[in-house]
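Here is the naming used below: chain letters follow the sequence lines, and residue numbers restart at 1 for every chain. Predicted model, so just to flag it, every value in this text is computed and none were measured.
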2 protein chains.
Amino acid sequence: MRADAQRNRKRVLEVALETFAAEGLSAPVAEIARRAGVGTGTVSRHFPTKDALSEAIVLHLVSEIVVRARELAATRDPGTAFFEFFALMVEQIAVNRGLSQAMSGSGFDVEAVAFDPERNLLTVEEGLLAGARKAGAVRPDITRADVKALMVGCLAREQHALDPQARKRMIDVACAGLRAQRQP
Amino acid sequence: MRADAQRNRKRVLEVALETFAAEGLSAPVAEIARRAGVGTGTVSRHFPTKDALSEAIVLHLVSEIVVRARELAATRDPGTAFFEFFALMVEQIAVNRGLSQAMSGSGFDVEAVAFDPERNLLTVEEGLLAGARKAGAVRPDITRADVKALMVGCLAREQHALDPQARKRMIDVACAGLRAQRQP
DNA sequence: ATCCAAGCGGGACGAGTATCCCGATTGTGC
DNA sequence: GCACAATCGGGATACTCGTCCCGCTTGGAT
């Protein structure tokens, strides 16, 4: 691959990351091209479709989160690891409008991307959840889908106010719900 | 208004309700016209824009929910009233894809519609929440936006499985979080 | 039965967007 | 330097929708 092509590819990726984070997934490809200082043709040559572009970005972000999740799993007791992971996910995704949309379902399928063997977020997540369940830190009937749904709830909170205190409160409420035993 | 015009208006409203519930808010107007057996012109004459159509529908649904919420407020103790209202909202909205989208923010503004004086969902909701807070049934720092965010979370759960048991569990988890006191 | 305005159907139009294509340009091996 | 293939830019194309318009139809009052 020619050096300029490599530069352009990297630049498009960076700009797309920023743009999707700021404007959401509906940002036009032409806008990304403009900001990156290239033509639309250059974008679509490197990433044949818009989905291919978003996937490349998400793949990168997910792989970063997986690293931090593994650290948590290794250095904390099961309960703490799980709840810190929950907060970490929400904090990371909350500042990225594109990721929020993807999580909330109005976008492409994050799960499909997350199945990539080397970066398997799902496995780490399941491991953290299983550990927390076993340690009695979360109710035994909670599933991964429940956890994700609560994350989406925390992210939805951002629509009303970008108040960090409100975000913390939501995370706290969600975690309290996961922890509590079933009501009699 | 001529009798046939009245009939058509009603039919369009009914079909649009079903269609938005089943397909979501992105269902084309032309599709609604087709199902209603009328031309697109007929739809846009009765409802000048697509938003006007969705608003008419939401207005109707909200007014129904408000009636039931007022009943709850009148016949239950504050805590029970609030939690049953929470479950009621989720159950009602979960079966309507259009409403779910509107709640999750990827649509028009439900809050604006809900401000309609005679059908003020917000007031009832705030009243139920205040009552529950005062009775010590929910943590004192919870706001209406927090409650809505948790509802969105419960609705997000539906994307993975339409399992009624999972829905109940999510509602239970969310309510437990609202109830619990802040972690030390 | 007649008339005519209210109402209707559905095609025209325009906006927004992703994708493809091709003539112009530029990096790179020799 | 030179040649040429890889790469680029951005206009052309195709598609989906919402909204508007206009010639035809029909309800309902007389």
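A sub-4.0 Å separation between OP1 or OP2 of dC8(C) and a side-chain N or O of N8(B) is present.
Two residues are said to be in side-chain contact when any heavy atoms from C-beta on lie closer than 4.5 Å; F82(B) and V147(B) meet this criterion. The closest side-chain heavy-atom distance from V173(A) to R139(B) is below 4.5 Å.
At least one donor-acceptor pair closer than 3.5 Å links the side chain of R133(B) to the backbone N or O of I142(B). One N or O on the side chain of S100(B) and one on the backbone of N96(B) form a donor-acceptor pair closer than 3.5 Å. Within the 3.5 Å criterion, the main-chain N or O of L25(B) finds a donor-acceptor partner in the side chain of Q101(B). Under the 3.5 Å distance criterion, the side-chain polar atoms of S104(A) are left unmatched by any main-chain donor or acceptor of S104(B).
Under the 6.0 Å distance and 45° angle rule, R179(B) counts as a cation-pi partner of F83(B).
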Look for any protein N or O under 3.5 Å of an N or O in nucleotides 22-30 of chain D and output each such pair with its distance, or none.
residue: dG28(D); atom: OP1; partner: A3(B); partner atom: N; Å: 3.1

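Atom-to-atom, CD of Q6(A) to P of dC8(D) comes out at 11 Å; the value is rounded to the nearest Å. Atom pair H46(A):NE2 and dT19(C):P shows a separation of 16 Å (rounding to whole Å applied). As a whole-Å value, the separation of L25(A) CG from dA18(C) C1' is 15 Å. The nearest whole Å value for the distance from the CG atom in L53(B) to the C1' atom in dC17(D) is 15 Å. Here dC17(D) presents its P atom at 21 Å from CZ of F47(B), a figure rounded to the nearest Å.
Looking at residues 31-42 of chain B, you'll see G37(B), V38(B), G39(B), T40(B), G41(B), T42(B) sit with a heavy atom under 4.0 Å from some atom of DNA chain C.
Listed by first and then second residue, the side chain to side chain donor-acceptor pair (under 3.5 Å) pairs involving residues 67-76 of chain A are R76(A)-E84(A) (not counting sequence neighbours).
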